[in-house]
Engineer: 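One structure, pasted below without further comment.
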Amino acid sequence: MSDSGDSDFEYAPADPDGLLGRQEPLLNSLDDHLAPSHRRRAFFIRALALLCTCSLSVGSHYASYILGPIKSRLGREIGTSHTDFGLLMAAFSLNSTWTPLIGGVLASTLGTTLTSIIATGVILLGQLLLLLGDIWGNVRMMVLGLFVFGLGVSPLAVVQETIIVRFFKSHGLGVSMAFGLIAGKGASFIAARTSYPLTEAFGPRAPFYVATFLAGLSVIINLVYIAASKWLIDGAGAELEATDIAEEAQSRMMTSVSEAQALKKVAEKRRVNLREITKLGDLFWAYADVFFLPGKSKLIFE
């Protein structure tokens with residue numbers, strides 16, 4: 001560190017993997033070198049990013065748990081049988097078997113900001129179809145709505161976790177992930193607890209209106225996050241994604257070809273290559289097996 005005081009912390013040695021369009025601080029010692037005011041500002045910005053990220057899935061978690069408590073009401077007013085209700089649940093659960101992989105690929109290819117708005121937009125569209133199906137008494141429309149709704153739920157979860165890791169990789173990642181789970185489980189609990197009382201107090205379609213409103217609110221919060229993403233990333237010192245690095249490389253092409261080429265190499269290294277999945281170790285597959293059977297058995301009781 002220089003004596004002139006021009007820098008508040010040390011920088012990592014220059015190397016191709018560290019060339020991200022700006023000098024990167026040594027993350028493990030960043031907080032020790034920053035002034036207290038800078039640390040408070042970075043903490044505040046990370047907290048805002050976490051709040052936005054946790055809010056993205058509130059609508060989807062709430063909407064996922066409104067049908068169970070009003071099953072009997074649907075049977076009386078729309079005429080849904082046990083088979084119809086099982087079809088509704090199957091339409092929602094079907095896409096959770098393969099969409100997490102699609103969400104991961106999209107997050108790597110398009111970036112978390114664009115993938116998140118796609119996921120929340122799909123969830124809102126599915127919830128609108130579900131609401132219209134309930135208004136028209138059309139079970140097929142409700143099945144279609146839940147099918148579309150399910151397309152966006154798992155990718156959104158992948159995006160959420162990716163954003164949290166991006167901002168909190170070296171700043172209490174476990175606690176931040178826990179807050180994300182608490183937000184989702186809390187919304188699910190509130191949905192299960194309030195769904196039937198809402199039908200009694202405000203009419204049979206009240207839970208669907210609330211779920212649609214929350215899904216729309218998640219889209220609005222997502223747009224706010226996208227608009228402020230560059231400020232949040234710079235202020236928190238978050239890691240740049242492959243798409244961000246590629247954009248930086250494109251902007252530097254006219255001024256420094258060598259830097260642009262180095263940045264492109266870094267961006268390529270950070271992109272997901274599905275052919276590399278076979279090289280994952282035994283620990284990964286054991287981890288996947290541990291969660292496969294409990295996850296499937298859990299669906300039986302939902």
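For reference, positions follow the sequence shown, starting with 1. Predicted, not measured: the structure shown is a model, and the values here were computed from it.
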Engineer: Are Ile70 and Ile135 connected in the hydrophobic side-chain network, where two residues link if heavy atoms are under 4.5 Å apart?
Structural biologist: yes
Engineer: How far does CG of Leu151 sit from CD1 of Ile118, to the nearest 0.5 angstrom?
Structural biologist: 12.5 Å
Engineer: Can you tell whether the side chains of Arg73 and Asp134 come within less than 4.0 Å, N to carboxylate O?
Structural biologist: yes
Engineer: Working to the nearest 0.5 angstrom, can you tell me the gap between Ile117 CD1 and Leu223 CG?
Structural biologist: 4.0 Å
Engineer: Might you point out which heavy atoms bring Thr99 and Ser154 nearest each other, and give the distance in Å?
Structural biologist: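 The answer is OG1-CB, 3.3 Å.
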Engineer: Is there a donor-acceptor pair under 3.5 Å between the side chain of Ser108 and the backbone N or O of Gly104?
Structural biologist: no
Engineer: To the nearest 0.5 Å, what is the distance between CG on Asn222 and OG1 on Thr120?
Structural biologist: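 If I round to the nearest 0.5 Å, the distance is 4.0 Å.
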Engineer: Decide side-chain hydrogen bond (donor to acceptor under 3.5 Å, both in side chains) for Lys185 and His61; before the verdict, give the C-alpha distance in whole Å, the side-chain angles of both, and the deciding distance to 0.1 Å.
Structural biologist: CA-CA 7 Å; Lys185 297 300 181 181; His61 279 288; over 6 Å; no
Engineer: Apply the test side chain to side chain contact (heavy atoms under 4.5 Å, CB included) to residues Ile163 and Phe168: give CA-CA distance (whole Å), side-chain angles for both, the deciding distance (0.1 Å), then the verdict.
Structural biologist: CA-CA 9 Å; Ile163 293 174; Phe168 294 91; over 6 Å; no
Engineer: So which atom in Ser60 and which in Phe149 form the shortest heavy-atom distance, rounded to 0.1 Å?
Structural biologist: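 For Ser60 versus Phe149, the nearest heavy atoms are O-CZ, 3.4 Å.
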Engineer: Between the main-chain N or O of Asp84 and the side-chain N or O of Ser81, is there a donor-acceptor pair closer than 3.5 Å?
Structural biologist: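 The answer is yes, because a donor-acceptor pair under 3.5 Å joins these two groups.
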Engineer: Can you get from Ile221 to Ile182 by hopping between Ile, Leu, Val, Met, Phe, Trp and Tyr side chains that sit under 4.5 Å apart?
Structural biologist: no
Engineer: Membership question, hydrophobic clusters at under 4.5 Å side-chain separation (ILVMFWY): are Val219 and Tyr62 in the same one?
Structural biologist: yes
Engineer: With a 3.5 Å distance limit and no angle check, can you tell me whether Thr199 reaches the backbone of Tyr196 through a side-chain donor-acceptor pair?
Structural biologist: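 At least one qualifying donor-acceptor pair exists.
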Engineer: So, for Ser195 and Ile66, which heavy atoms are closest and what is the spacing to 0.1 Å?
Structural biologist: OG-O, 2.8 Å
Engineer: Kindly give the heavy-atom pair with the smallest separation between Arg46 and Phe167, and that separation in Å.
Structural biologist: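 Of all heavy-atom pairs spanning Arg46 and Phe167, the closest is CD-O, 3.3 Å.
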Engineer: Distance from Leu130 atom CG to Leu67 atom CG, nearest 0.5 Å?
Structural biologist: 6.0 Å
Engineer: Rounded to the nearest 0.5 Å, what separates atom CD in Gln127 from atom CG in Leu125?
Structural biologist: 10.5 Å
Engineer: Count the heavy atoms belonging to other residues, nucleotides or ligands that lie under 6.0 Å from CZ of Phe85, then report whether that count exceeds 12.
Structural biologist: yes
Engineer: Could you tell me whether the side chain of Leu198 reaches within less than 4.5 Å of the side chain of Tyr209, counting heavy atoms only?
Structural biologist: no
Engineer: Run Phe202 and Val210 through side chain to side chain contact (heavy atoms under 4.5 Å, CB included) and show every step you take.
Structural biologist: CA-CA 11 Å; Phe202 301 103; Val210 173; over 6 Å; no
Engineer: Okay, side chain of Ser116, backbone of Thr113: is any donor-acceptor separation there less than 3.5 Å?
Structural biologist: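 Such a contact is found between Ser116 side chain and Thr113 backbone.
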Engineer: Using ring centroids (six-membered ring only for Trp), state whether Phe92 and Phe147 fall under 6.0 Å.
Structural biologist: no
Engineer: Val224, Leu232: one ILVMFWY side-chain cluster at the under-4.5 Å cut-off?
Structural biologist: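 Each belongs to a different hydrophobic cluster.
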Engineer: Under a 3.5 Å distance rule, please check whether Ser218 uses its side chain to pair with a backbone N or O of Ser55 as donor and acceptor.
Structural biologist: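 Looks like yes, one N/O pair under 3.5 Å.
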Engineer: Which atom names give the shortest non-hydrogen contact between Leu128 and Thr212, and what distance separates them?
Structural biologist: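 For Leu128 versus Thr212, the nearest heavy atoms are CD2-CG2, 3.5 Å.
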Engineer: Quick one: do the Tyr225 and Thr112 side chains pair a donor with an acceptor below 3.5 Å?
Structural biologist: no
Engineer: Supply the atom-to-atom distance Leu214 CG to Leu124 CG, rounded to the nearest 0.5 angstrom.
Structural biologist: 11.0 Å
Engineer: Find out if a path of hydrophobic residues (ILVMFWY) with successive side-chain heavy-atom gaps under 4.5 Å connects Phe213 to Leu131.
Structural biologist: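 Cluster IDs for Phe213 and Leu131 match.
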Engineer: Any donor and acceptor pair, going by atom type alone, linking the side chain of Thr80 with main-chain N or O of Gly75 inside 3.5 Å?
Structural biologist: yes
Engineer: Provide the closest heavy-atom pair for Ala91 versus Asn95 in the form atom of the first, atom of the second, distance.
Structural biologist: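 It is O-ND2, 4.2 Å.
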Engineer: Using a distance-only test with no angle check, is there a side-chain donor-acceptor pair under 3.5 angstrom linking Gln160 and Ser57?
Structural biologist: yes
